[in-house]
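One structure is given here, and the rest of the page talks about it.
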Amino acid sequence: MAKVTIDGIEIEVPDGTTILQAARMIGPSVAPPAMCFYTKLKTSGGYCRTCLVEVTKGSDKDPRPMPKLVISCRTTVMDGMVVTNQLSPRVLDARAGIVEFLLLNHPLDCPICDQAGECHLQDLSYENGNYTTRTDFERRTFEKIDIGDFIQLHMTRCILCYRCVKVAEQITDGRVHGVLNRGDLSEISTYIKEAIDNDFSGNMIDVCPVGALTDKTFRFKSRVWFTKPVDAHRDCDKCSGKVVLWYKGEEVLRVTGRKDEWGEVDEFICNTCRFEKKHTADWSIEGVRNISRHSVISANKYKNLVKPNEFHLNDIKAITE
Amino acid sequence: MERKLLFKNIDVPGIATYDVYRANGGYASAEKALKTMTPEAVVEEVKKSGLRGRGGAGFPTGMKWSFLARPEGVPRYLVCNADESEPGTFKDRYLMEHIPHLLIEGMLTSSYALGAKTSYIYVRGEFFYIIRILEKAIAEAYKNGWLGKNIQGTGFDHDIYVHPGAGAYICGEETALLESLEGKRGNPRIKPPFPAVKGLYDCPTVVNNVETIAAVVPIVNDGGEEYCKIGIGKSTGTKLISASGHIKKPGVYEIELGVPVEEFIYSDHFCGGMLTDRKLKAVVAGGSSVPILPADLILKTTNGEPRLMTYESLADGGFATGTMLGSGGFIVMDTSASVVYNLYTFTRFYHHESCGQCSPCREGTAWMEKILHKILDGHGTMTDIDLLWDIQRKIEGNTICPLGDAAAWPVASAIRHFRPEFEEFISKQAKQEVNHNNQHQPLAVTS
């Protein structure tokens, strides 16, 4: 076990835990944002650099601070390590810079993007970015590439997090897409326009933090905050069959995996569940899904609203004393 | 002071062939190491010599070798980094072209010290003729029993393979080099684990520069202590410097570390002074990625001491007033050179060579190039200088591999030391723009 202090909060975690995982154990207030790290994908993380944190004390044995900011998603904790995240001006400055870099070639057209409302980049830039842009250069654009019947790839929105590449490598057999070219001309593509065709390819949509990979069966049918998420399951011979159904009225508009509060799915689901079972009769309904009160998806849905703590006059007096 | 260790026999006709090389004392170090020394003793000699990595970072080679993990039953590898692509550096190419057996002898001796049965020379893709030279030399070494099974009857087996790169600067970064060698896309790996623990094919690996490996030969021949006497302080031995730019005699020079920079530029032994009557303006002392320094700072440190060609002296004053020895690409500029144009060239290079894996480098290098292009095109504004400064600050130290730093440092140093030139350039361009009624006029470059 190792004791680590993140933003002044101490927690004891097993050896080999990364700083990011330790921070997530404490809670969302200290957890650094992550665009490319995905707990369930091996070797993911380290590319986007949004999770940079400052290590002010290396460990009990070697208390020297680390000279550079470190990526919390790939750095394991040491006993006695002291990490500052939100409290470090250096980290916040660097993170604002990263957000600026990520948005440099990303189109700022959230109102017409299908991912709006559940886009990690949108959240990231609201929380850590600047409100103005310092560039007036033309943004990088790509033609839409046809990569199969169910998935739409629009490279213009891609931030090259490599998550979809890792999905194809680790949970499907035979990866047919990857990164072509280099530098800011890099693009995710299938080589010579091959179609991605396998039973678990749909998970690429779930792991994509932006609107680069979207569900062709759902695209532009509805904004996500007009749909209602409902937990459901079915007996599937390929996957666990535990999904979320997104209803609009009586109709199931789309099916996705169950995402936790960090936007990561609990279990990957198969394409049959995702794309072909779109009737309530196919599913056993478990109940309405809990959505964070801060998410736009919970807008106009009054369930699970937590009443704020009531303050009495005496309490306030106690604080001022 | 001229001191030749590596280039001792470089002028002997036919030194690239085995017979001439052997007749001039070649393969003596390999013979000595294999027949009379234990591998640990060789590592100990290298440690004693104080040899530091010649590829740019200057990390002590002996220490790097002693970090190599030695688990049972797992092969170890030595990889020679001959992917020399830093603008301004051409020493390794010169060495491999003229005296290839020195590298092969160094590889053999080093591999014996590290216990590596297989080693690779990763050669830059553009050096195709070098690959032929190396292949020929390796064939000669096999024929004469210096490679293969049971070398010279000592029971040590060793094979060397030459692997051509595909023309990517990023593959000079050691982990990207290993990825490329494994046949994958040349993206740098995220460290840790370091190659000394998990390198090529997940086995412990040492990656050394060509010059570092070649320097092992005189160290084993004369002993580490003898090598340590050359040079000053922690900068021991000799260093190959590729001198280019506005000087009378550009070329590769072997110097004893500790030669004053002033002597190196003006002495007839070395660069032979400035090319014309124009004065020295600036020097990039160690390849394109190290900070550029103006004439007064490169000749003397802020304490008024003469600056020497050593790792420490060149770095004196940190990045505020110092630079780095780097890989030894010594680019001299006189007053006719424009720092703005020069910076654009460097930035364009780093944009082109960024692998695109991590966001600060991928987007930042492209952004800096666009801004500098805009300034050169006459549309720059004074705020662009501050913007450039801010972008480089946000790239530096936040990337996976040192390419981000390498792209940021030239920008930072050019603005730090030559800001007035940028301001003058921008205001002059703006004036021309008005005078010529938006006609595009190429500017005469003056300082």
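Note that this is a predicted model, so its numbers are computed, not measured. So you know, we letter chains A, B, ... as the sequences are listed, proteins then strands, and number each from 1.
Looking at A:Arg182, its side chain does come within 3.5 Å of a backbone N or O of B:His352 through a donor-acceptor pair. A:Arg49 places a side-chain N or O within donor-acceptor distance of the main-chain N or O of B:Asn398, the cut-off being under 3.5 Å. Of the possible polar contacts, none joining the B:Arg362 side chain to the A:Leu185 backbone as a donor-acceptor pair under 3.5 Å is found.
The side-chain heavy atoms of A:Tyr47 and B:Asn187, taken from C-beta on, include no pair separated by under 4.5 Å.
Comparing B:Gly397, B:Gly364, B:Pro360 by how many heavy-atom pairs each has under 4.5 Å with chain A, the most go to B:Pro360. The choice from A:Val179, A:Thr75, A:Thr76, A:Leu52 that makes the most heavy-atom pairs within less than 4.5 Å of chain B is A:Val179.
For chain A, the nearby parts of B:Glu353 are the backbone and the side chain; heavy atoms of each come within less than 4.5 Å. Contacts between B:Asp405 and chain A at a heavy-atom distance below 4.5 Å involve the side chain alone, from C-beta outward. Neither the backbone nor the side chain of B:Ile170 comes within contact range of chain A; no heavy atom of the residue lies under 4.5 Å from a heavy atom of that chain. Neither the backbone nor the side chain of A:Val70 comes within contact range of chain B, judged by heavy atoms closer than 4.5 Å. Neither the backbone nor the side chain of B:Thr365 comes within less than 4.5 Å of any heavy atom of chain A.
Atom CE of A:Met78 has 12 or fewer neighbouring heavy atoms from other residues, nucleotides or ligands inside a 6.0 Å radius. Counting non-hydrogen atoms of other residues, nucleotides and ligands closer than 6.0 Å to CG of A:Asp173 gives a total of 12 or fewer. For B:Lys198, the NZ atom is loosely surrounded, since the number of other residues' heavy atoms within 6.0 Å does not exceed 12. Within 6.0 Å of NZ on A:Lys57 lie more than 12 heavy atoms contributed by other residues, nucleotides or ligands.
A distance of 6.5 Å separates CD in B:Glu363 from CG in A:Asp184, rounded to the nearest 0.5 Å. Atoms CD1 and SG, from B:Ile190 and A:Cys73 in turn, are 7.0 Å apart once rounded to the nearest 0.5 Å.
For A:Gly46 against B:Cys358, the heavy-atom pair with the smallest separation is O-CB, 4.5 Å. The minimum heavy-atom distance linking B:Gly356 with A:Ser186 is given by the pair CA-OG, 3.8 Å.
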>> Between A:Asn105 and B:Trp367, is the side-chain contact (heavy atoms from CB on, under 4.5 Å) condition met? List the steps.
In response: CA-CA 10 Å; A:Asn105 275 313; B:Trp367 196 7; over 6 Å; no

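Identified by a heavy-atom distance below 4.5 Å to chain B, the contributing residues of residues 126-141 of chain A are A:Arg134, A:Thr135, A:Asp136, A:Phe137, A:Glu138, A:Arg140, in residue-number order. Residues of residues 91-104 of chain A lying within less than 4.5 angstrom of chain B, judged on heavy atoms, are A:Asp93, A:Ala94, A:Gly97, A:Ile98, A:Glu100, A:Phe101, A:Leu102, A:Leu104 in numerical order.
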